[in-house]
Amino acid sequence: HGTLCIALLLLMRLVMGFAGTVSATLIKLMAQRITPKAQMVEYQIQYSVASVLGIALAPSLSSAVGVAIAAHSPGTRMGCPSGFIGLLWLCMVPLIWLLAPIDL
């Protein structure tokens, strides 16, 4: 049981890392192609602020998922939020792939 939990946790982290890298790259490329040069500094500042807020709010999301599923063990408290975010990205990557214009 313990080995399976660790394997699932590592798998979800791998999926999250891959999805995060793909989405960040797509977002940066699309934004650089459609944002006028004069507005790139403002865009970069807004992007950095959004990234910092995302990092700051991650523990809150993790706690909310743990409370919502009534997780009691440390493994469940750690694994379920990772699985939740992994599944969220797994659903978003195909949407990004379909909705992103080909010429970007």
Side-chain angles (χ1 to χ4, degrees):
H1 183 266
T3 307
L4 178 63
C5 288
I6 290 173
L8 286 174
L9 183 64
L10 290 175
L11 178 66
M12 288 301 133
R13 284 298 298 160
L14 179 69
V15 169
M16 287 171 48
F18 176 74
T21 302
V22 169
S23 67
T25 302
L26 285 175
I27 290 169
K28 280 278 209 188
L29 288 174
M30 287 191 302
Q32 288 173 353
R33 288 187 158 235
I34 63 173
T35 304
K37 298 276 185 207
Q39 296 176 352
M40 279 303 290
V41 172
E42 181 182 348
Y43 164 75
Q44 284 298 109
I45 291 170
Q46 292 172 350
Y47 184 84
S48 296
V49 168
S51 296
V52 169
L53 283 175
I55 291 169
L57 294 176
S60 298
L61 174 64
S62 179
S63 295
V65 170
V67 168
I69 64 165
H72 296 293
S73 71
T76 307
R77 278 189 232 138
M78 212 168 57
C80 287
S82 294
F84 175 75
I85 297 297
L87 289 174
L88 183 67
W89 275 111
L90 197 60
C91 294
M92 286 182 63
V93 167
L95 286 175
I96 292 170
W97 190 264
L98 290 172
L99 297 176
I102 299 300
D103 60 344
L104 292 179

Point-to-point distance, once rounded to the nearest 0.5 Å, from [atom1] of [X] to [atom2] of [Y]:
{"X": "T25", "Y": "M30", "atom1": "OG1", "atom2": "CE", "answer": "11.0 Å"}
{"X": "L9", "Y": "C5", "atom1": "CG", "atom2": "SG", "answer": "8.5 Å"}
{"X": "T3", "Y": "L8", "atom1": "OG1", "atom2": "CG", "answer": "11.0 Å"}

Starting from [X] and following side-chain heavy-atom contacts under 4.5 Å between hydrophobic residues (I, L, V, M, F, W, Y), which residues can be reached?
{"X": "Y43", "result": "I27, M40, Y47"}
{"X": "I6", "result": "L10"}
{"X": "L95", "result": "none"}

Going by side-chain hydrogen bond (donor to acceptor under 3.5 Å, both in side chains), name the residues that satisfy it together with Q44, two or more places apart in sequence or in a different chain.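 Partners of Q44 under the side-chain hydrogen bond (donor to acceptor under 3.5 Å, both in side chains) test: K28.
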Could you work out, with side-chain hydrogen bond (donor to acceptor under 3.5 Å, both in side chains) as the rule, every residue matching Q46, not counting sequence neighbours?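 By the side-chain hydrogen bond (donor to acceptor under 3.5 Å, both in side chains) rule, Q46 matches E42.
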Kindly write out the residues that satisfy side-chain contact (heavy atoms from CB on, under 4.5 Å) with [X], not counting sequence neighbours, or none if the list is empty.
{"X": "I96", "result": "S23, L26, W89"}
{"X": "L90", "result": "V15, L87"}
{"X": "S73", "result": "T76"}
{"X": "L14", "result": "none"}

Please give me the minimum heavy-atom distance between T21 and G17, naming the atom from each residue. OG1-O, 2.9 Å
Single-linkage hydrophobic cluster, 4.5 Å side-chain cutoff, V22 and I85 together: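 In one cluster: yes.
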